[in-house]
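Note that the numbering runs from 1 along the sequence shown for the chain.
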Amino acid sequence: MDRNQAAGLILFAAVLLIYSIFFATTPEPLPEESNTVTQTIPQESSDVDTIAQEIIQPDSIQDLIAQRQFGVFAPMTKGTAEEIVLENDKISVTFSTKGAEITKVELKEFKTWDQRPLVLLDNESSDLSFSIQTEKGPLSLNDFYFNPTASTVDVEGNPVSIITFIAKAGTGSITRTYSLAEGGYVLDKSLEFAGLSNSLKDTTILVNWDAKLIRQEQDIEESRRKTNINFFTAEESHDYLSTTSETDDADVQEPLKWVSFSQRFFTTGIIASNNFSSAKFNQQTPQDTLSIKNVQAAMVLPLDNNKVDLSYYFGPNRYNTLKKITPGFEKNVDMGYFFVSWVNKYIIVNLFQFLEKYFTNYGIIIIIIVLIIKVALTPLTYKSYIGMAKMRVIKPEIDELKAKYPDDPTKMQQEQMKLFGQLGVSPISGCLPLLFQMPFLFAMFFFFPNAIELRQQSFLWAHDLSTYDSILRLPFTIPFYGSHVSLFTILMTVSQIAYTHFNNQLTAQTGPMKNLGYIMPVVFMFVLNSFPAALSFYYFVSNMVTFGQQALIKLFVDDAKIREKIEQNKVKNVDKKKSKFQQKLEDAMKAADANKKTK
């Protein structure tokens, strides 16, 4: 020790000595304890420190705070958060013992567009909570800790994995039980309260589900157009939030059977056994690409004898799979408007499923579907061709009428209708068969963009038939077309123009209507450039098969024989009276002509 350190130590000791002599006070004696006090406070300083430590222990303070905030539920707020996994061959569901709630769902059969594990929801993207009304106000079950117990039971030869979570407080308990059968996408759940009736101030549970729907597909714009909230009422009425608006919401004050967050190829849904009594929904389209859409659902779930049963669906949007889940759940797949949806529901879906058993290449399956549909519609195609052939044969008579009444279109039309009646020719005979084929044509606009079977299935140069095939990326964006070139769409356009040219040689069509046939394929080239490659390929194959059908029919149809048949009708119908339809049509034309002259 050097001189400076020694001097400092002596000064410090001197200060302490002076302070203790002149300024320190002796402790006053404690007053005598009254008889009502059950514990005396020790005089020794060491005992006082011990009591002080016991009084201010952190656990005691936390217990006091929990008691004030949660009341009788306070013991449930103590525990350790651990992860528990429940899985089968289709899905893996992760729970946390804090809340006994779902924290992650992964589909084992599928990958994202960039080949990552397909996770439908996780802690970062989803917040699912069940809240109860108590004397301390609304409490979320996510704040409680549960003890898990796993088991497996056999149900009709099918193993079912079960996890039971129990949280206890005194003589009361909350039990959340989840069960998952092998080979399915449905997670069953029951929630039961025991010994807590006096602590529950309401017989309903508020289910809040906020989710940022995770991006699964490469084409984010198409994914957003196919993503929205769907719900199904107890009266079996399906409704949904807009798929195109940036934001949308709904306040439903009637019982609901199920609610779903439906994406293009996958759906997350919650199904109530005894219906939700009401619900509020909201969805927004984010400005970034981190999520497809942000959705919120707040649903009121009534308790039945302190218990509720419900189910979750986490799986693909396969029409026949969804149809087995619960009534109306297949509505999560858009099959089109009512006049075309029947084609997809009852023909295309089942035909597709049947062909999948024998063919693994989906391009081949599409070709076979085209051939089957075209063969089935051959009688209509034949009648359409014959109708156009008749119009082509009588074109000279029609041209004569046009030359005879060049300035009187009404009179020309009247004479034309008269001519059709005499020759036994119907002007709509060529169009009506085509009209019956339209549901099949338009049904594909809804089937292929929503067919999960085509997801990540390659064919020729298309790496994924569920999205557009891009053979060239443009350094700029063409309005209504895009910044890529789809080869299947180009082939479809060329084949449609070739078919139109061939068809025009078979008809008597002239003027603007004839040129319209060349304009429409170009319009569809812009429309379909960003549609799934499967759709453009289907129309391309369909055009080629139709082209071949008409070329084959032409070999067996003789215009001379058609002319001979028309001449026979002309002789036979000389004295034939006009039909009621013809008479009404003629009267309507005359009335229109009279009104025109009056004006």
Between Arg224 (side chain) and Ile292 (backbone), is there a donor-acceptor pair under 3.5 Å? yes
What about the rings of Phe445 and Tyr539, do their centers lie closer together than 6.0 Å? yes
What do you reckon, are the aromatic ring centroids of Phe261 and Trp209 less than 6.0 Å apart? yes
For the residue pair Ser197 / Asn306, report whether a side-chain donor-acceptor contact shorter than 3.5 Å exists. yes
Assess whether side chain to side chain contact (heavy atoms under 4.5 Å, CB included) is satisfied between Thr97 and Thr80, documenting all intermediate values. CA-CA 7 Å; Thr97 54; Thr80 303; 5.9 Å; no
Using distance alone, with no hydrogens and no angle criterion, decide if Thr489 and Ser536 have a side-chain donor and acceptor under 3.5 Å apart. yes
Between Asn529 (side chain only) and Gly482 (backbone N and O only), is there a donor and an acceptor less than 3.5 Å apart? no
Start with the C-alpha gap between Lys108 and Ser92, add the side-chain angles, then the distance that decides, and say whether side chain to side chain contact (heavy atoms under 4.5 Å, CB included) holds. CA-CA 7 Å; Lys108 296 182 177 181; Ser92 172; 4.0 Å; yes
Donor-acceptor contact present, side-chain Glu236 to main-chain Gly328, <3.5 Å: no
For Asp154 and Gly157, indicate whether the former's side chain and the latter's backbone hold a donor-acceptor pair under 3.5 Å. yes
Mind checking the CG-CZ spacing from Leu465 to Phe488? Nearest 0.5 Å is all I need. 7.0 Å
Take atom NZ in Lys331; do more than 12 heavy atoms of anything else shown fall under 6.0 Å from it? no
Tell me whether the count of non-hydrogen atoms from other residues, nucleotides or ligands lying under 6.0 Å of CD in Gln115 goes above 12. yes
Does Lys324, at its NZ atom, have more than 12 non-hydrogen atoms belonging to other residues, nucleotides or ligands within less than 6.0 Å? no
Any chance you could measure Asn450, atom CG, to Asn344, atom CG, to the nearest 0.5 Å? 9.0 Å
Do the non-hydrogen side-chain atoms of Ile214 and Phe266 ever get within less than 4.5 Å of each other? no
So Val300 and Leu206, do their side chains get closer than 4.5 Å, heavy atoms only? yes
Which label fits Phe352 and Phe448: parallel for a plane angle under 30°, tilted from 30 to 60°, or perpendicular past 60°? perpendicular
Ionic contact status for Glu101 with Lys189, cut-off 4.0 Å: yes
Given side chains that start at C-beta, do those of Gln457 and Ser466 come closer than 4.5 Å, heavy atoms only? no
Honestly, is Arg176 close enough over Phe130, meaning NZ or CZ under 6.0 Å from the six-membered ring centre and within 45° of the axis? yes
Heavy-atom count around Asn305 CG within 6.0 Å, excluding the residue itself: above 12? no
Mind running ring pair (Phe, Tyr, Trp, His ring centres under 6.0 Å) on Phe459 and Tyr362 for me, showing each step along the way? CA-CA 7 Å; Phe459 180 67; Tyr362 283 85; over 10 Å; no
Measuring only between side-chain heavy atoms, which start at C-beta, is Leu213 closer than 4.5 Å to Thr268? no
Asp219 to Ser530 - nearest heavy-atom pair and separation: OD2-O, 4.3 Å
Just checking, any donor-acceptor pair under 3.5 angstrom between side chains of Asn317 and Thr267? yes
Taking atom CD of Gln456 and atom NE2 of His463, what is their separation to the nearest 0.5 Å? 8.5 Å
For the residue pair Lys136 and Ser199, establish whether any side-chain heavy-atom pair is separated by less than 4.5 Å. no
Between Leu139 and Phe73, is there a side-chain heavy-atom distance shorter than 4.5 Å? yes
Side chains of Ile166 and Thr149, heavy atoms from C-beta outward: is any pair under 4.5 Å? no
Rounded to the nearest 0.5 Å, the OG1 atom of Thr233 sits from the CH2 atom of Trp258 at a distance of 10.0 Å
Evaluate the ring planes of Phe146 and Phe165, with Trp represented by its six-membered ring, and classify them as parallel (under 30°), tilted (30 to 60°) or perpendicular (over 60°). perpendicular
Donor-acceptor contact present, side-chain Ser273 to main-chain Asp309, <3.5 Å: yes
Under 3.5 Å, is there a donor on one side chain and an acceptor on the other for Gln253 and Asp251? yes
Relative to each other, are the rings of Phe440 and Trp342 parallel, tilted or perpendicular (30° and 60° limits)? perpendicular
Between Gln353 and Tyr319, does any side-chain donor sit less than 3.5 Å from a side-chain acceptor? no
Over 12 non-hydrogen atoms of neighbours within 6.0 angstrom of CG in Asn198: no
Can you find a side-chain donor-acceptor pair between Asp122 and Ser125 that sits under 3.5 Å? yes
Rounding to 0.5 Å, atoms CG (Asn294) and OG1 (Thr247) come to a distance of 12.0 Å
Other residues, nucleotides, ligands: >12 heavy atoms within 6.0 Å of Lys280 NZ: no
Hey, does the side chain of Thr103 reach the backbone of Thr94 with a donor-acceptor pair shorter than 3.5 angstrom? yes
Between CD on residue Gln216 and CG on residue Leu107, distance to nearest 0.5 Å: 8.0 Å
So does Pro449 get a backbone contact from the side chain of Arg264, meaning a donor-acceptor N/O pair under 3.5 Å? yes
Would you say that more than 12 heavy atoms from the other residues, nucleotides or ligands in this model lie under 6.0 Å from the OH of Tyr240, or not? no
Residue pair Leu310, Val207: steps toward the side chain to side chain contact (heavy atoms under 4.5 Å, CB included) verdict: CA-CA 12 Å; Leu310 49 85; Val207 182; 5.5 Å; no
Distance-only, no hydrogens or angles: does the Asp127 side chain make a donor-acceptor pair with backbone N or O of Asp210 under 3.5 Å? no
If you look at every heavy atom in Ser126 and Leu121, which pair is closest and at what distance? CB-CB, 3.7 Å
Step through the shown structure and confirm whether more than 12 heavy atoms of other residues, nucleotides or ligands are within 6.0 Å of NZ on Lys257. yes
Are the aromatic ring centres of Tyr481 and Phe526 under 6.0 angstrom apart? yes
Looking at Lys345 and Glu330, is any side-chain nitrogen of the basic one under 4.0 Å from a carboxylate oxygen of the acidic one? no
Beyond-backbone contact of Ile102 with Phe95, side-chain heavy atoms, under 4.5 angstrom: yes
Determine yes or no for a side-chain-to-main-chain donor-acceptor pair under 3.5 angstrom, with Lys90 supplying the side chain and Val186 the backbone. no
Give a yes or no answer on whether the side chain of Asp143 reaches the backbone of Thr77 with a donor-acceptor pair at less than 3.5 Å. no
Under the criterion salt bridge (charged side-chain N to carboxylate O under 4.0 Å, His left out), I'd like the reasoning laid out for Lys104 against Glu83: C-alpha separation, chi angles, the key distance, then a yes or no. CA-CA 10 Å; Lys104 182 179 178 181; Glu83 288 190 342; over 6 Å; no
Evaluation steps, side chain to side chain contact (heavy atoms under 4.5 Å, CB included), between Asp464 and Trp113: CA-CA 10 Å; Asp464 186 347; Trp113 61 276; over 6 Å; no
Report yes if the distance between the aromatic ring centroids of Phe265 and Phe110 is under 6.0 Å, otherwise no. no
Taking the six-membered ring for Trp and the full ring for Phe, Tyr or His, determine whether the centres of Phe442 and Phe446 are under 6.0 Å apart. no
